[in-house]
Amino acid sequence: MQYYSTNKSTPFVSLKEAVIKGLAADNGLFMPERIEKFPPSFFETIHQLSFQEIAFEVALKFFGEDIEPGKLREIVFDTLQFDCPLVKVTENIFSLELFHGPTLAFKDVGARFMARLLNHFLDKKEKQVNVLVATSGDTGSAVANGFLGVEGIHVYVLYPKGKVSKIQESQFTTLGKNITALEIDGTFDDCQHLVKTAFSDKELNEKLVLTSANSINVARFLPQAFYYFNAYARLKEYGVLDSKKLVISVPSGNFGNLTAGLFAREMGLPVQQFIAANNENDVVYQYLKSGEYNPGPSVETIANAMDVGAPSNFARILDLYNYSHKIISEKIRGFRYSNDEIRETVKQVYEQTGYLCDPHGACGYRALDEDLGKNQVGVFLETAHPAKFTETMEAVVGKGNVPLPAKLAAFLKGERNVNSLGKTYAGFKEFILNQ
Ligand SMILES: *Cc1c(COP(=O)(O)O)cnc(C)c1O
């Protein structure tokens, strides 16, 4: 399978090149040249397959021409050493829990898949590859842990100083080995800008092999489709799909997760409606309403992994639907919530059902609660474990009501090792070149 750039001014590339480059030479995002469909019969018996088996079938559609099936199966099964279960919250709202991986957030799926795929492509002792990743919280930890100890790869995690939680920070600043943490005196958008500038810096790219592990990388982005298929299969087991149509609500920041869901639907997954649930960073919400797209600086919220003012993957959504606002606003319904609304939702769901939504999942839940019709059943993506946001959560549901999983407690005990940098590109470049 070949990959083209959303900016359409560079030639098609192979999967290997798309994964190593991350971003196309014209600064566009890579897209697979075609999207393979499953026959409808696949969905009649999909519930007989395990999550890992379903994921392998999906992976074959994306990567089957480029990776030998036995190897691909190994990569998929090794990536998914944890489950993504579907949990019933109310009569017709279900939570797709994506937080059972090593860093307790959905990004573990894509990051672990990408690390294994990159390692497969680098088998033949090539030059060291440097992974640059900008994070607003969870990407950094998922990527760092996904790549930790993988030979031939060095990871630089750039994060905005003082803007990620202590727990999030500990997950990429305490690892050591091939992981370097860079604290940037700026915002997430500044971090992302540094990474993007590095990729288009000719001189730097002649000296070093650079790649991105942000959600723009096809090896991170496409595997996120796996769990949408699994949600459908597990929901079928509950028996609700016989009489109701599926609505999936995705808490969105950079829009990689939602775009993977849209791909799943293009592959035939029977989803009647997708919802993009935003916090106050509502540039896509505004676009869906008005047709005007005005990216700007990000705003800080309590759902900080969605604090993105210029979502990268929006370019893929535009490309997928031929830049048609009419089509896009039919395919995606938009909702946006303030910090107060998010807190209110966390509290209400907890009091009424006993279920703890994290601040991101709460946006997804609330959109379903407001929007579901009589003949619809909703699944929202629970994108991170609530304990990753202990301070925010405890302020809402009370101290002691947000248990800390052992995996997270272990990170907090590690020794912190950080390099502090300003937000200028020159300083960043010098640092990387001196490593
Ligand atoms: C990254 C992240 C999001 C946003 O996902 P995108 O793919 O960037 O839209 C939502 N919730 C959590 C917890 C995240 O870490």
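Both counts, for ligands and for their atoms, begin at 1 and track the order of listing.
- Ring geometry for F43 against Y232 counts as perpendicular: the plane angle is over 60°, on a 0 to 90° scale with 30° as the lower cut.
- Checked against ring-ring contact (aromatic ring centres under 6.0 Å, His included), Y238 has the following partners two or more places apart in sequence or in another chain: F94.
- Remark: K61 qualifies as a cation-pi partner of F38 under the 6.0 Å distance and 45° angle criteria applied to the six-membered ring.
- Partners of Q348 under the side-chain hydrogen bond (donor to acceptor under 3.5 Å, both in side chains) rule, at least two apart in sequence or in another chain, do not exist in this structure.
- For ligand 1, the protein residues placed under 4.0 Å by at least one non-hydrogen atom are F106, K107, D138, P251, S252, G253, N254, F255, G256, N257, A305, M306, H360, T383, A384.
- A search for side-chain hydrogen bond (donor to acceptor under 3.5 Å, both in side chains) contacts involving D26 returns S5, S9, not counting sequence neighbours.
- Checked against the 6.0 Å centroid threshold, F221 and F30 do not count as a close aromatic pair.
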